[in-house]
*Asks:* 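Have a look at the structure that comes next, please.
Order of the sequence lines sets the chain letters (A, B, ...), proteins ahead of strands, with each chain counted from 1. Predicted, not measured: the structure shown is a model, and the values here were computed from it.
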Amino acid sequence: MPELPEVETVVRGLRTPLETQKITAAQVFSAKIRTPIPVHLASAVTGRTIISVARRAKYILIHLNDDLTIIIHLGMTGNIRLVEKSPATWSPEKHDHLFLRLHSKTAMVFSDPRRFGVLDLVKTSELSQWKSIRDLGPEPLERNFTGAVLKNILSGRKTAVKLALLNQSLLVGVGNIYASEALFRAGISPLRPALKVTSAQAETLCGAIKEVLRAAIKAGGSTLKDYRHASGEIGFFQNRFAVYDRAGAACPGCTCDIAKTGGIKRLVQGGRSTFYCPRKQS
DNA sequence: CTTTGGGCCTGGACGC
DNA sequence: TGCGTCCAGGCCCAAA
């Protein structure tokens, strides 16, 4: 499910209810999601205080005192919900994996039906060396992420630019939806080899990535199915997709004869759907 | 080193 | 109603 805008929206929704709160009870319900959940997680976090909630790439970081950080990745179908006036002991619904009850009596529940998510506990001081964080590329919304940086990332790679954008070791946060959307905005074909993206195109693409991610955050992310804000609200950026999941339809500003051209095209790259307009993207 | 393909899971949509 | 097939927002790992 969740790409950078969705994860960022969840993080923002968790800050006020979680920060400064002491964890008064914790339960873990399934031993294994994508990776094993540490057996000591529940006992280790109980009694600790949440200092801050942050995001790195698509990872949610809940920083506690005593040098501990809870890492949550939502995978494809993960979601976090807040329960007000929660009981001290949680009766898990199907697919609930983690329950954290706070001093305020609000609780946070992490669920993930497809179990592609990650739940881990690490020392905050060792976070930057944690296996999946260590090799991540730059944050696209940072000021120092520029067209020149993107050009450098893409240069020398024979792989299609769409696949390069999905590679989190090159650039984080962009997933299957926003890769298609950013390439459409930039007028670049998803099939173009990364090394054939010119400096001028890299500049445009850099701007398009920032633009589409910011717009999606503003809209509270995209809800296709499972994704929810921590408050339970859905996002609505899916209503503004230019190309994603719109095969056969007209792209924004389309002037061609859809009956003849077939409109937006779907293709498969790296086993995943890509959507684009062959007439506007090259 | 880069690139490719399979695997991990569940559930919903669809065709018969 | 039921059964089989395909598909889905992410990521890891082995193999080429």
*Asks:* Do the side chains of A/I70 and A/L100 get nearer than 4.5 Å, heavy atoms only?
*Replies:* yes

*Asks:* Round to the nearest Å and state the distance from A/Q238 atom CD to C/dA8 atom C1'.
*Replies:* 15 Å

*Asks:* If we ignore angles and hydrogens, is there a donor and acceptor under 3.5 Å between the side chains of A/K162 and A/T274?
*Replies:* yes

*Asks:* So, OP1 or OP2 of C/dG9: does either fall under 4.0 Å of a side-chain N or O from A/R272?
*Replies:* yes

*Asks:* For DNA chain C, what dot-bracket results from Watson-Crick or G-U pairs at under 3.5 Å, with [ ] for crossers and | for inter-strand partners?
*Replies:* .|||||||.|||||||

*Asks:* When you check the gap from the basic side-chain N to the acidic O, do A/E203 and A/K151 get nearer than 4.0 Å?
*Replies:* no

*Asks:* Report each atom pair, protein N/O against N/O of nucleotides 13-16 of chain C, whose distance is under 3.5 angstrom.
*Replies:*
none

*Asks:* Would you kindly compare A/K94 and A/T159 by the position of their nearest DNA chain B nucleotide and give the one closer to the 5′ end?
*Replies:* A/T159

*Asks:* Quick one: is C/dG9 close enough that its OP1 or OP2 comes under 4.0 Å of any side-chain N or O from A/Y178?
*Replies:* no

*Asks:* Determine the interatomic distance between C1' on B/dG11 and the same-named atom on C/dC12; round to the nearest Å.
*Replies:* 23 Å

*Asks:* Inspect the contact between A/R185 and A/E211 and indicate whether a charged nitrogen and a carboxylate oxygen are less than 4.0 angstrom apart.
*Replies:* yes

*Asks:* Nearest 0.5 Å please: distance from the CD atom of A/Q21 over to the NZ atom of A/K105.
*Replies:* 10.0 Å

*Asks:* I want to check one thing: is the phosphate of C/dC11, taken as OP1 and OP2, less than 4.0 Å away from some side-chain N or O of A/S132?
*Replies:* no

*Asks:* Is A/F116 stacked against the base of B/dC8, taking the criterion as centroid distance under 5.5 angstrom and interplanar angle under 30°?
*Replies:* yes

*Asks:* Roughly how many Å apart are C/dC3 and B/dC9, using the P atom of each and rounding to a whole number?
*Replies:* 24 Å

*Asks:* Please work out if A/S273 contacts a base, only the sugar-phosphate, or nothing of the nucleic acid, heavy-atom cut-off 4.0 Å.
*Replies:* sugar-phosphate

*Asks:* Under a 4.0 Å N-O cut-off, is there an ion pair linking A/R48 with A/D66?
*Replies:* yes

*Asks:* Could you check whether any side-chain N or O of A/K210 sits under 3.5 Å from a backbone N or O of A/F145, counting only pairs where one atom can act as donor and the other as acceptor?
*Replies:* yes

*Asks:* Using whole Å, report how far NZ of A/K58 lies from P of C/dC11.
*Replies:* 4 Å

*Asks:* Suppose we call a contact any N or O donor and acceptor under 3.5 Å apart; does that hold for the side chain of A/R114 and the base of B/dC9?
*Replies:* yes

*Asks:* Rounded to whole Å, please give me the gap between CG in A/L171 and C1' in C/dG10.
*Replies:* 15 Å

*Asks:* Could you tell me whether the phosphate oxygens of B/dC9, OP1 or OP2, come under 4.0 Å of any side-chain nitrogen or oxygen in A/H95?
*Replies:* no

*Asks:* Between C1' on B/dC9 and CD1 on A/I37, what's the gap in Å once rounded to a whole number?
*Replies:* 14 Å

*Asks:* If I take atom CZ in residue A/R34 and atom C1' in nucleotide B/dG6, what distance separates them, rounded to the nearest angstrom?
*Replies:* 15 Å

*Asks:* Does the side chain of A/T77 get closer than 4.0 angstrom to OP1 or OP2 of C/dG9 through an N or O atom?
*Replies:* no

*Asks:* C/dC11, OP1 or OP2 - any side-chain N/O from A/H73 closer than 4.0 Å?
*Replies:* yes

*Asks:* State whether a side-chain donor-acceptor pair under 3.5 Å links A/S30 with A/H97.
*Replies:* yes

*Asks:* Under a 3.5 Å distance rule, please check whether A/S169 uses its side chain to pair with a backbone N or O of A/D135 as donor and acceptor.
*Replies:* no

*Asks:* According to a 4.5 Å side-chain heavy-atom criterion applied to Ile, Leu, Val, Met, Phe, Trp and Tyr, with indirect links allowed, do A/V28 and A/I60 form part of one hydrophobic cluster?
*Replies:* yes

*Asks:* Can you check the A/D226 CG to B/dG11 P distance for me, whole Å?
*Replies:* 10 Å

*Asks:* B/dA13 phosphate, OP1 or OP2: any side-chain N/O from A/K225 under 4.0 angstrom?
*Replies:* no

*Asks:* Please give, in whole Å, the distance from B/dT10 C1' to A/E93 CD?
*Replies:* 16 Å

*Asks:* Should A/R115 be listed as having a side-chain N or O under 4.0 Å from OP1 or OP2 of B/dT10?
*Replies:* yes

*Asks:* Would you please confirm or rule out a distance under 4.0 Å between OP1 or OP2 of B/dC9 and any side-chain N or O of A/K32?
*Replies:* yes

*Asks:* State plainly whether one hydrophobic cluster holds both A/L163 and A/V174, where clusters connect Ile, Leu, Val, Met, Phe, Trp and Tyr through side-chain heavy atoms under 4.5 angstrom apart.
*Replies:* no

*Asks:* In whole Å, I'd like the distance from the CG atom of A/L74 to the C1' atom of C/dA8.
*Replies:* 16 Å

*Asks:* Is any side-chain nitrogen or oxygen of A/R157 closer than 4.0 Å to OP1 or OP2 of B/dT3?
*Replies:* yes

*Asks:* Looking at A/K158, I'd like to know whether one of its side-chain N or O atoms comes within less than 4.0 Å of OP1 or OP2 on B/dT3.
*Replies:* no

